[in-house]
Amino acid sequence: MKVAIASDHGGVKIREEIKQLMDELNISYVDLGCECNESVDYPDYAFPVAEKVASGEVDKGILICGTGIGMSIAANKVKGIRCALVHDTFSAKATREHNDSNILAMGERVIGPGLARDIAKIWLTTDYEGGRHKRRVDKISSYEAVTTDQSE
Ligand code: RB5
């Protein structure tokens with residue numbers, strides 16, 4: 001599995017924590033920033049990660065900002081992305097099993113690095129269940145395909 005990870009200036013500590021976790025789990029990743037010497041704009045980091053996931057260049061993405069909200073809104077604009085904003089371990093497991101989420105967003109002003117690590121570990125290691133959930137995820141993809149065609 002290969003992961004793309006990025007944060008804005010509000011998510012640097014958790015980004016470093018999750019990179020350490022991925023090193024321990026032998027998961028390869030590409031770090032797309034930010035350098036964060038100053039305040040940056042979260043869409044500039046969400047879109048490159050989302051595009052790498054959507055194109056299949058990487059399997060999953062992880063995005064961190066102050067709340068996780070801006071990153072998740074931006075990532076979900078990219079076709080094929082199912083970005084889940086998660087701040088608890090139950091949802092981390094459920095969104096992999098049920099939604100086949102392909103990007104995890106978290107907020108560093110909401111949770112600490114310990115909980116973020118637990119959430120990321122569960123999210124990275126939980127498989128999609130498919131079955132009845134596939135029908136629902138397929139409906140999202142079908143809707144996305146129709147609405148994308150209309151705007152082209
Ligand atoms: C940056 O101040 C902050 O707005 C950003 O990190 C994030 O919380 C946006 O949703």
Side-chain angles (χ1 to χ4, degrees), residues 1-25 27-126 128 133 136-137 139-141 143-145 147-148 150-152:
M1 188 203 319
K2 187 160 185 184
V3 175
I5 186 167
S7 77
D8 72 358
H9 54 283
V12 177
K13 283 190 198 134
I14 285 183
R15 189 174 101 229
E16 292 308 313
E17 182 76 29
I18 303 308
K19 282 163 59 182
Q20 197 181 321
L21 168 72
M22 291 194 286
D23 287 336
E24 290 167 18
L25 295 174
I27 293 173
S28 67
Y29 58 84
V30 53
D31 182 354
L32 299 182
C34 62
E35 291 299 326
C36 297
N37 300 319
E38 56 193 29
S39 175
V40 298
D41 299 334
Y42 58 81
D44 295 338
Y45 297 89
F47 292 139
V49 167
E51 283 170 8
K52 277 194 191 299
V53 174
S55 72
E57 192 179 328
V58 299
D59 303 294
K60 288 178 179 169
I62 297 180
L63 292 167
I64 308 107
C65 63
T67 60
I69 297 170
M71 286 290 200
S72 59
I73 290 172
N76 278 316
K77 297 293 180 193
V78 176
K79 189 175 181 183
I81 294 305
R82 293 178 298 281
C83 177
L85 173 59
V86 176
H87 289 132
D88 67 277
T89 53
F90 174 83
S91 300
K93 184 166 184 280
T95 190
R96 283 292 310 130
E97 290 176 342
H98 294 194
N99 313 126
D100 197 19
S101 54
N102 49 15
I103 296 186
L104 169 67
M106 294 183 284
E108 187 172 294
R109 294 174 192 157
V110 183
I111 55 170
L115 179 54
R117 166 184 274 264
D118 288 350
I119 288 167
K121 186 171 183 181
I122 291 167
W123 188 80
L124 286 165
T125 58
T126 300
Y128 175 45
H133 303 297
R136 297 157 185 167
V137 172
K139 286 188 178 184
I140 296 171
S141 303
Y143 178 85
E144 186 176 52
T147 53
T148 303
Q150 283 172 348
S151 64
E152 277 172 357

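One-based numbering, in listed order, for ligands and for the atoms of each. For reference, positions follow the sequence shown, starting with 1.
The protein heavy-atom contact nearest to atom 10 (O) of ligand 1 is G70 N, 2.8 Å. Looking at atom 7 (C) of ligand 1, its nearest protein heavy atom turns out to be C65 SG, 3.3 Å. In this structure, the protein non-hydrogen atom closest to atom 6 (O) of ligand 1 is D8 OD2, 2.6 Å. Looking from atom 4 (O) of ligand 1 to the surrounding protein, the closest heavy atom is Y42 CE2, 4.5 Å.
Residue contacts with ligand 1 for T67 involve both N, CA, C or O and side-chain atoms from C-beta outward (heavy atoms, distance under 4.0 Å).
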### Query
So I18 and M106, side chain to side chain contact (heavy atoms under 4.5 Å, CB included) or not? Walk me through it.
CA-CA 11 Å; I18 303 308; M106 294 183 284; 4.2 Å; yes

### Task
Apply the test side chain to side chain contact (heavy atoms under 4.5 Å, CB included) to residues Y128 and V137: give CA-CA distance (whole Å), side-chain angles for both, the deciding distance (0.1 Å), then the verdict.
CA-CA 11 Å; Y128 175 45; V137 172; 3.7 Å; yes

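Using 4.0 Å as the threshold, G10 has no heavy atom nearer than that to any atom of ligand 1. R109 counts as a contact of ligand 1, since one of its heavy atoms falls under 4.0 Å from the ligand. Look at H9 and you'll find a heavy atom under 4.0 Å from some atom of ligand 1.
By the 4.5 Å heavy-atom criterion applied to side chains, N102 and I81 are counted as neighbours. The closest side-chain heavy-atom distance from I62 to V3 is below 4.5 Å.
Put simply, the residue from D100, V53, T95, I103 that forms a side-chain contact (heavy atoms from CB on, under 4.5 Å) with R82 is D100.
E16 and K19 are joined by a salt bridge, as a carboxylate oxygen and a charged side-chain nitrogen come within less than 4.0 angstrom of each other.
Near G66, meaning under 4.0 Å from one of its heavy atoms, ligand 1 places the atoms 5 (C), 6 (O), 7 (C), 8 (O).
No hydrogens or angles considered: a donor-acceptor pair under 3.5 Å links the side chains of S7 and R15.
For atom 2 (O) of ligand 1, a protein heavy-atom neighbour is present inside the 4.0 Å cut-off.
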